[in-house]
Amino acid sequence: MEIQHIVSGFSPKLSSAPSIPIGKQLFSLKFPSLFSSSSSYPSIQSQNFEEVPSISIGKKDEFYSSRRRRVRCSSSSSNTAADRNKGNEVAGRRRRRRKKLAVFVSGGGSNFKSIHEASKRGSLHGDIVVLVTNKSECGGAEYARSHSIPVIVFPKPKAESDGLSPHDLVATLRRFEVDFILLAGYLKLIPAELIRAYERSIFNIHPSLLPAFGGKGCYGMKVHKAVIASGARFSGPTIHFVDEHYDTGRILAQRVVPVLANDTAEELAARVLREEHQLYVEVAEALCEDRIVWRKDGVPLIQSKENPNKTY
Ligand SMILES: Nc1nc2c(c(=O)[nH]1)N[C@@H](CN(C=O)c1ccc(C(=O)N[C@@H](CCC(=O)O)C(=O)O)cc1)CN2
Ligand SMILES: NCC(=O)N[C@@H]1O[C@H](COP(=O)([O-])[O-])[C@@H](O)[C@H]1O
């Protein structure tokens, strides 16, 4: 079955913008102008983004990279497939810049910490450049502040009026040049405007084997309690693309754990969470190495790091 690589991203053209509230700090986002001759750091007023075109299937056995360079999958060239793969791989590694990640949390942030640790130890070819939360004092936000990661509060609590609009949030994430958004225990509905702006670039981890035990009201311990009450013998985390509804986006990765006869919800939660930490890092690494591919029927797959001809 044919596969298609998707590489998404944005190349901002920056000018200047007003200060915006980020977490409890209020500061201007100042970036070196990437396109003007000015040597000063203008703050950003407006930006005009040019979306990097995604890869699309060309002829039968070819695909087009986001750099519009035609890449043959068949072995019609003079060198062997192995040489060509090695050449592409080395060139690809040399050319590929580190991806920029935004993580969204509402609670303790253990998945966020796992991803951040993978970035620090170098196994993840990406950096968490901003944390978004609807709970400014949650554990994830505290961890971000202690590691100098900017914190954005979205949405603001209803009682407070001056929150970021979805449009402001999109503009702010683009100022940080975010490539991918990872939801990790974030308990608010992602607005359609953000989903449109980050097509095929927002992911969520859910603590059950979707499509079972998902949807509105299904989060945290409620999920594990429902799994145990159902008599299910297996559970496990699911990582999926985020669409406009809760937990209905395309499934990208899952892991399975047993549900034991005398499990409490807390014991099951802990077993699932251990797998979540590993699975999210594995998926984030694949994302940052452009190893997500799409089957012709629309199912996303992960390309093996060790063997690019293998997907799962
Ligand atoms: N557009 C999307 N937004 C979000 C998704 C998604 O798939 N599409 N995933 C959720 C995460 N999630 C499950 O994985 C989830 C989170 C929260 C809820 C829920 O019912 N929330 C309550 C409010 C809870 C609170 O404020 O404490 C609600 O909406 O009534 C369901 C599923 C993140 N966003
Ligand atoms: N439906 C969303 C949902 O229930 N997400 C779940 O919240 C927990 C967050 O833990 P963390 O804050 O320690 O990463 C995780 O178990 C995640 O799967």
Side-chain angles (χ1 to χ4, degrees), residues 101-118 128 131-144 149 151 153-159 163 166 169-170 173 180-228 235-257 265-284 300:
L101 308 173
V103 178
F104 285 42
V105 303
S106 297
S110 68
N111 277 287
F112 161 48
K113 294 172 190 172
S114 299
I115 295 164
H116 185 240
E117 285 162 0
I128 298 172
L131 182 95
V132 178
T133 182
N134 61 310
K135 303 269 189 190
S136 60
E137 303 309 317
C138 71
E142 293 307 323
Y143 177 90
I149 297 172
V151 175
V153 179
F154 179 85
K156 280 268 200 209
K158 286 190 174 61
L169 179 61
V170 169
L173 294 174
F180 297 114
I181 295 170
L182 306 182
L183 311 185
Y186 187 68
L187 299 182
K188 291 302 186 188
L189 191 69
I190 296 295
E193 187 162 351
L194 185 56
I195 290 167
R196 283 194 298 273
Y198 279 88
E199 191 179 356
R200 285 184 166 179
S201 300
I202 308 178
F203 301 83
N204 178 57
I205 192 161
H206 180 79
S208 77
L209 295 173
L210 292 175
F213 307 104
K216 189 174 174 66
C218 293
Y219 56 91
M221 294 308 283
K222 292 181 180 189
V223 173
H224 304 295
K225 286 175 180 167
V227 167
I228 290 170
S235 190
T238 300
I239 293 175
H240 62 93
F241 285 83
V242 167
D243 65 14
E244 280 80 6
H245 309 290
Y246 281 137
D247 305 328
T248 55
R250 285 283 189 179
I251 291 173
L252 177 60
Q254 291 184 314
R255 282 201 181 180
V256 178
V257 300
E266 291 71 20
E267 287 165 334
L268 176 59
R271 192 174 307 128
V272 170
L273 193 60
R274 276 193 295 276
E275 296 303 316
E276 289 185 39
H277 293 162
Q278 295 178 27
L279 187 62
Y280 224 164
V281 167
E282 183 182 317
V283 167

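All ligand and atom numbering here is 1-based and tracks the order in the structure. All values below were derived from every heavy atom in this structure, side-chain atoms included, with hydrogens, water molecules and symmetry-related copies excluded.
Near Lys216, the atoms of ligand 1 lying under 4.0 angstrom from a non-hydrogen atom of the residue are 20 (O), 28 (C), 29 (O), 30 (O). Near His240, meaning under 4.0 Å from any of its heavy atoms, are these atoms of ligand 1: 7 (O). Residue Asp243 approaches ligand 1 through these ligand atoms, each under 4.0 Å from one of its heavy atoms: 1 (N), 2 (C), 8 (N). Within ligand 1, counting atoms from 1 as listed, the ones closer than 4.0 Å to a heavy atom of His245 are 2 (C), 6 (C), 7 (O), 8 (N). Numbered from 1 in the order shown, with element, the atoms of ligand 1 that lie under 4.0 Å from a heavy atom of Val242 read 1 (N), 2 (C), 6 (C), 8 (N).
The protein atom (non-hydrogen) at minimum distance from atom 5 (C) of ligand 1 is Tyr246 CD2, 3.6 Å. Remark: minimum distance from atom 12 (N) of ligand 1 to any protein heavy atom is reached at Asp247 OD1, 3.8 Å. Looking from atom 20 (O) of ligand 1 to the surrounding protein, the closest heavy atom is Gly217 N, 2.6 Å. The protein heavy-atom contact nearest to atom 3 (N) of ligand 1 is Ile190 N, 2.9 Å. For atom 17 (C) of ligand 1, the nearest non-hydrogen atom of the protein is Leu187 O, 3.4 Å. Of the protein's non-hydrogen atoms, the one nearest atom 31 (C) of ligand 1 is Gly215 O, 3.5 Å.
Residues satisfying the ring pair (Phe, Tyr, Trp, His ring centres under 6.0 Å) test with Phe241, not counting sequence neighbours, are Phe203, Trp294. Under the side chain to side chain contact (heavy atoms under 4.5 Å, CB included) criterion, Ala102 pairs with Phe104, Val130, Leu173, Val178, Ile181, sequence neighbours left out. Taking Lys188 as the reference, Asn134, Pro155, Tyr186 meet the side chain to side chain contact (heavy atoms under 4.5 Å, CB included) condition, with sequence neighbours excluded.
Taking a 4.0 Å cut-off on heavy atoms, Gly249 fails to register as neighbouring ligand 1. Distances shorter than 4.0 angstrom occur between a heavy atom of Ile195 and an atom of ligand 1.
Taking each of Leu189, Ile202, Asn204 in turn, the one with a heavy atom nearest to atom 14 (O) of ligand 1 proves to be Asn204. Considering each of Phe104, Phe213, Tyr219, Tyr186, the one bringing a non-hydrogen atom nearest atom 11 (C) of ligand 1 is Tyr186.
Protein residues having a heavy atom under 4.0 Å from any atom of ligand 2 are Gly108, Gly109, Ser110, Asn111, Gly185, Ile205, His206, Pro207, Cys218, Tyr219, Gly220, Leu273, Glu276, listed by chain and number.
Atom CG of Leu101 sits about 10.0 Å away from atom CD1 of Ile149, to the nearest 0.5 Å. Taking CD1 of Ile115 as the reference point, atom CD1 of Ile128 lies at 6.0 Å (rounded to 0.5 Å). Arg255 CZ to Ile239 CD1: the interatomic distance, rounded to the nearest 0.5 Å, is 9.0 Å. Taking CD of Glu275 as the reference point, atom CD of Glu282 lies at 10.0 Å (rounded to 0.5 Å).
For the residue pair His277/Ser110, the side-chain donor-acceptor check at 3.5 Å is satisfied.
Looking at Ser106, its side chain does come within 3.5 Å of a backbone N or O of Leu187 through a donor-acceptor pair. Listed for the Thr133 side chain is a donor-acceptor partner under 3.5 Å among the backbone atoms of Val105. Counting only distance, with no hydrogens or angles, the side chain of Ser114 and the backbone of Phe112 share no donor-acceptor pair below 3.5 Å.
Neither the backbone nor the side chain of Pro191 has a heavy atom within less than 4.0 Å of ligand 1. Residue contacts with ligand 1 for Lys188 involve both N, CA, C or O and side-chain atoms from C-beta outward (heavy atoms, distance under 4.0 Å).
For a threshold of 3.5 Å applied to N or O pairs, the pair formed by Thr248 and ligand 1 contains no separation below that value. Ligand 1 has an N or O atom lying under 3.5 Å from an N or O atom of His206, backbone or side chain. Inclusion of Leu183 in the set of residues having an N or O under 3.5 Å from an N or O of ligand 1 is not warranted.
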